[in-house]
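Here is the structure we will look at.
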Protein chains: 2
Amino acid sequence: MDEDGRKIPTHEVTYARLRDMILFGVLAPGQPVTIQGLTAELDAGMTPVREAIRRLTAEGALTPQGNRRVSVPQMTEAVLDQLAWARLAIEPQLARLAMRRLTPGLIARLTALDDEVNAAIGAGNLAGYLRANHAFHFTLYEAAEAPVLMDIAQSLWLRAGPSLRLVMGRFGSSGLPDLHAEALEAMRGGEGEALSAAIARDIQQGVDQVRLALSEGAF
Amino acid sequence: MDEDGRKIPTHEVTYARLRDMILFGVLAPGQPVTIQGLTAELDAGMTPVREAIRRLTAEGALTPQGNRRVSVPQMTEAVLDQLAWARLAIEPQLARLAMRRLTPGLIARLTALDDEVNAAIGAGNLAGYLRANHAFHFTLYEAAEAPVLMDIAQSLWLRAGPSLRLVMGRFGSSGLPDLHAEALEAMRGGEGEALSAAIARDIQQGVDQVRLALSEGAF
DNA sequence: TCCTGGATAATTTGATCAAATTTCTTGCCG
DNA sequence: CGGCAAGAAATTTGATCAAATTATCCAGGA
């Protein structure tokens, strides 16, 4: 049941669960995804699982292998370049649009989410970090009220998701600037361009980490 | 069977057919899309139709109506703004990337496609125009070999598709510049930036037409 | 190396159940 | 007496499942 007392259909729940598995690093790149394997794991029938897989394939989160198998895509140099370019095009714009509608309450929520991010980093908690980081970015983007751009951003994150688990290892050790803090500072000052720039640099930083891991043959 | 001798599954064929119906103006904005209605029309079982609908919903080509029905989305000012911005961000970049890999053979094919576009315009043939125009843009973009950006572009075109049928009426009458011709000129000269700019203006021109129709309450 | 079963998994169908919409009825009020 | 509205039945449509079908892969043998 959802908040309106309506029953949420099984295929929606199944989709959300599988999506989160991809987004938050439960599924490794290259891992095969079978319908029958997931019916057991997600406790659903074939039809809902099937639909979830198809939806995620349409969003680029899973790749069909020609011979009617589906797997979690491997990250490649070429794909990373495209992801980086597209994210740098879309997400700073979402941040810019969001700026106009930010309320003090929202900024407080974003601050709390950033605290969660830092706590997770401190604790070396990968799943917690990925969740909090995703929540930080998307509650900000949500404020832009631009569903078309949001869908694109979500698809781009889904494509990047499985690779991020391998980046975590390298990342307590680095003295990188905290760009979420800079973003929050810009929000409080109402500076749209500074916010947009901070988000852009945050994206760039993440992409650089993945690129580094990729060049070291981590995948 | 496809070119490798493999059988194409029904749900792929069904998806392609329904997608083209949306892309090429067969389905009107606001029109409800029912599974059982399509099983008859597309000559397929429930499951393939169901999957096609889900995939297209995930791509933004169809919208769920809350009460588990699905329909072709209405165009709004807000969505058009986002579509315009995103298309102007993505597609000129695809054109730029494509430039480096264009061969004389490809340019010849694109020239032929543009002839088709103009012939369809001359004949007032809406379906032919939409098909040829789509083919022109996407065979160009295909050359960029950037599947991530291609998927985004495809999704954006799907969202715009149903609205384009209503724009055709107004458009023999206008002395608009032929931007495909300019694009082809840039390709022949190997000028990436000029190509990118021509594509951008082509997009802008199309968006302006839709915006005009929208402001006149055509939807 | 090529061919031939056999195993595994995806595809598809048809049936069944549940939800939502529409239609029809019925009773009340003007 | 006529119209309107509320509620109930019927119809339409979506969701889910399980069985039957079909394709692909892999191993073993010619």
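The analysis underlying the following values was restricted to heavy atoms, covering all of them including side chains, and did not include hydrogens, waters or symmetry mates. Naming: A, B, ... by sequence-line order, numbering from 1 per chain.
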Report all side-chain donor-acceptor pairs from residues 35-43 of chain A shorter than 3.5 Å, counting only partners two or more places apart or in another chain.
{"unit_1": "A/Thr39", "atom_1": "OG1", "unit_2": "A/Gln36", "atom_2": "O", "d": "2.6"}

Please give, in whole Å, the distance from [N] [atom2] to [X] [atom1]?
X	N	atom1	atom2	result
B/Ile35	C/dA19	CD1	C1'	13 Å
B/Glu51	D/dG14	CD	P	15 Å
B/His11	C/dA10	NE2	P	12 Å
A/Gln65	C/dA10	CD	C1'	13 Å
A/Arg68	D/dT21	CZ	P	15 Å

In chain order, what residues pass the salt bridge (charged side-chain N to carboxylate O under 4.0 Å, His left out) check against A/Arg96, with sequence neighbours excluded?
-> A/Glu193
The salt bridge (charged side-chain N to carboxylate O under 4.0 Å, His left out) partners of B/Glu12 (sequence neighbours excluded) come to B/Arg55
Non-hydrogen side-chain atoms of A/Ile90 and B/Ile152 separated by less than 4.5 Å | no
Does a side-chain N or O of [X] approach OP1 or OP2 of [N] to a distance below 4.0 Å, or not?
X	N	result
B/Thr10	C/dT12	yes
A/Asn67	D/dC25	yes
B/Arg54	D/dA15	yes

Near DNA chain D, which residues from residues 38-50 of chain A have a heavy atom under 4.0 Å away?
-> A/Gly45, A/Thr47, A/Pro48
The criterion is side chain to side chain contact (heavy atoms under 4.5 Å, CB included); which residues satisfy it with [X], sequence neighbours excluded?
X	result
B/Thr57	B/Ile53, B/Leu62, B/Pro64, B/Val70
A/Ala84	A/Val207, A/Arg211
B/Arg19	B/Tyr15, B/Ala16, B/Leu56, B/Gln154, B/Leu158
B/Ala44	B/Thr10, B/Thr14, B/Pro48, B/Val49

Side-chain donor-acceptor distances from residues 114-124 of chain B under 3.5 Å, at least two apart:
{"unit_1": "B/Asp114", "atom_1": "OD1", "unit_2": "B/His180", "atom_2": "ND1", "d": "3.1"}
{"unit_1": "B/Asn118", "atom_1": "ND2", "unit_2": "B/Asp114", "atom_2": "O", "d": "3.3"}

Kindly give the atom pairs (protein nitrogen or oxygen, nucleotide nitrogen or oxygen) under 3.5 Å for nucleotides 8-10 of chain D.
none

Could you grab the distance from atom CD of B/Glu91 to atom CD1 of B/Ile203, nearest 0.5 Å is fine?
-> 4.0 Å
Using the C1' atoms of the five pairs at each end, what is the angle between the end axes of the helix from C/dT1-D/dA30 to C/dG30-D/dC1, to 10°?
-> 30°
Among D/dG14, D/dC25, D/dT22, which is the nearest nucleotide to the side chain of B/Gln36?
-> D/dG14
Write out all pairs satisfying ring-ring contact (aromatic ring centres under 6.0 Å, His included) with one or both partners inside residues 143-165 of chain A, taking only residues at least two apart or from two chains.
-> A/His134-A/Trp157, A/His137-A/Trp157, A/Phe138-A/Trp157
Which residue lies more 5' along DNA chain D, comparing B/Arg69 with A/Arg69 via nearest heavy atoms = B/Arg69
